[in-house]
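I have placed the structure first, in the form of C-alpha cells, so that the comments after it can refer back to it.
Order of appearance sets the numbers: ligands from 1, and atoms from 1 within every ligand. For the numbers below, each heavy atom of this structure counts, side chains included, while hydrogens, waters and symmetry mates do not. Positions are given from 1 along the sequence.
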Amino acid sequence: MAIGSPLALLALWATAFILVVPAHSYLPMGTGSGATFTDSTWAQPPAWVINPTVSGANIAGTPADVTNIMQSSFATWMGAPDTHVVATFAGTSTATGPQINENLVCFTCGGVDFSQDGTLAITLINFDGSGNITNANILFNPNASTGAVSGQPICFTTGDTNSTCPTSGSVQEDLRTVATHEIGHFFGLDHSAIVDAIMFPFAPPFLQTLSYDDVAAISLLYPDPNPAVPTGSISGKVTLNNTGVFGAHVFADSTTASSPFSGFALIRKTPISALTFPDGSYLITGLPPDTYVVTAEPLDGPVNDPNVSWALEWGQPAVQTNFTTRWH
Ligand SMILES: [Zn+2]
C-alpha cells in the first residue's frame, strides 16, 4: 500500500464503535493478494499512554477510574487463552489529538469526526510499508451531544457506584465495554459478525469479556507458542453455480455443551467464524476440540459490507450477498 503524508497514514484505517440504534466472523486487519491474506500486527509490543482528563467529557468517573478501566481492559486481551500479546502502560500524556509518536488513549481529544449518530469511540491505526502496525490511538467521543443517539447525549459509566452522569438525560454506556472493543482494534482486529463477540460493531450496554470468536482472533494474530488448549481448523469452499463466493460469512457452531475454555475465567462460548476469500475458500482457525456445524450465510445484516474492511483489503468492490444461508 502506498504511503503518503502522515495525515494520509492516519486515514488508512479508522473505525467507529456505534451504539445500537436499531453472528461471524472474527476478522483480522491486513492485506489480501492472490490467495494470501497477510495479517497486520504489532511487530514490537506497544506501549500506550493516557490523557486521563475527564473534565469536559460526559463521563461518570474520575481520571483514576478511566485509567484503571483501560489497564484492566488491556489485561482482558493479554489474558486470553492460547494468546501471547503484550502492551505496556507508559503513563500519562497531555496530548489533545491523535498522535504519531505515542499510542494515545484520550477522553477529551479533538481532531477526528465523531459526528456519526451514536459514535462512542474511534481507533486510528498506522501501518508501515509491510503492513505492520506502528501506531494506534483510541479516542473516546468527548462530547455529550455530538454523536448523540436520537438527540440524547452519550455518557460513559465507570462502575455501579459511579454512574451519575455530568449531563442529565444521557444514554449510559459502560466504558469498559467500549474500551475492550477498541483495544481489539488496537491489536489488529476488524469487526466480527458474531453477535456476542466483543468485536461485533454495535455496542451492547454492558459486555466486558471475550467470546470464543474473539479468542480465536487474538490467538491467530499473537499465538502462544505453548497453547493451554490446543485448537484446530476447518476449511472448505463456498460456491454458487460452481463459482467461488467472496466474503460469505462462514461460522462453526458447537453442537455440544462442552466448555473447552472453562479453565479460563469468563470466556463466553460462541460460534467462531471467518469470511471467504475471493475464490470462495475459507479457513476457520482457533477451534477448540468439539463437534461443529458449519454455516455459510451472506454478510447482509446486522453486520454488512461497510462494517468490515474485508472487500477493501482484497481490492474487491464489496462482499457477495446474492445467495441464501446454507449449512453442512
Ligand atoms: Zn469497532
Side-chain angles (χ1 to χ4, degrees), residues 10-30 39-42 48 69-70 73-74 76-77 80 85 87 98 103-107 109 112-127 133 135-142 147 149 154 156 171 173-211 213-218 220-221 249 268 270 273-275 299 301-313 319:
L10 263 184
L12 263 180
W13 200 89
T15 189
F17 198 22
I18 308 295
L19 198 67
V20 179
V21 281
H24 158 147
S25 55
Y26 70 80
L27 211 55
M29 291 187 270
D39 302 323
S40 287
T41 58
W42 290 89
W48 59 275
I69 283 172
M70 291 311 300
S73 301
F74 270 100
T76 295
W77 288 101
V85 64
N103 303 308
L104 176 69
V105 174
C106 186
F107 303 89
C109 280
V112 291
D113 180 9
F114 289 110
S115 64
Q116 185 181 356
D117 202 42
T119 299
L120 297 169
I122 292 177
T123 297
L124 302 169
I125 314 265
N126 286 332
F127 305 94
I133 300 172
N135 165 253
N137 290 257
I138 298 175
L139 310 175
F140 292 85
N141 187 345
V149 179
I154 296 163
F156 292 110
V171 175
E173 177 63 39
D174 176 56
L175 180 64
R176 187 169 165 183
T177 298
V178 180
T180 307
H181 176 96
E182 297 303 326
I183 292 167
H185 290 316
F186 179 98
F187 282 130
L189 299 183
D190 197 354
H191 288 139
S192 170
I194 294 291
V195 171
D196 289 330
I198 196 71
M199 296 315 295
F200 189 69
F202 306 102
F206 189 93
L207 189 70
Q208 300 186 337
T209 56
L210 305 183
S211 71
D213 186 70
D214 301 304
V215 170
I218 196 70
L220 172 70
L221 298 188
H249 180 224
R268 294 171 288 104
T270 62
S273 71
L275 296 186
L299 193 72
V303 173
N304 52 31
D305 188 71
N307 298 130
V308 298
S309 301
W310 193 239
L312 185 69
E313 290 166 339
V319 299

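- Here the side chains of Leu210 and Thr180 are in contact, with some heavy-atom distance below 4.5 Å.
- Atom NE2 is the N, O or S atom of His181 at the shortest distance from the Zn ion (ligand 1).
- Side-chain contact check for Phe156 versus Leu120: some heavy-atom pair is nearer than 4.5 Å.
- Within the 4.5 Å cutoff, the side chain of Trp48 has no heavy atoms near those of the Leu104 side chain.
- Aromatic ring orientation, Phe187 versus Trp77: perpendicular (interplanar angle above 60°, classes split at 30° and 60°).
- No other N/O/S atom of His185 lies as close to the Zn ion (ligand 1) as NE2 does.
- When the N, O or S atoms of His191 are ranked by distance to the Zn ion (ligand 1), NE2 comes first.
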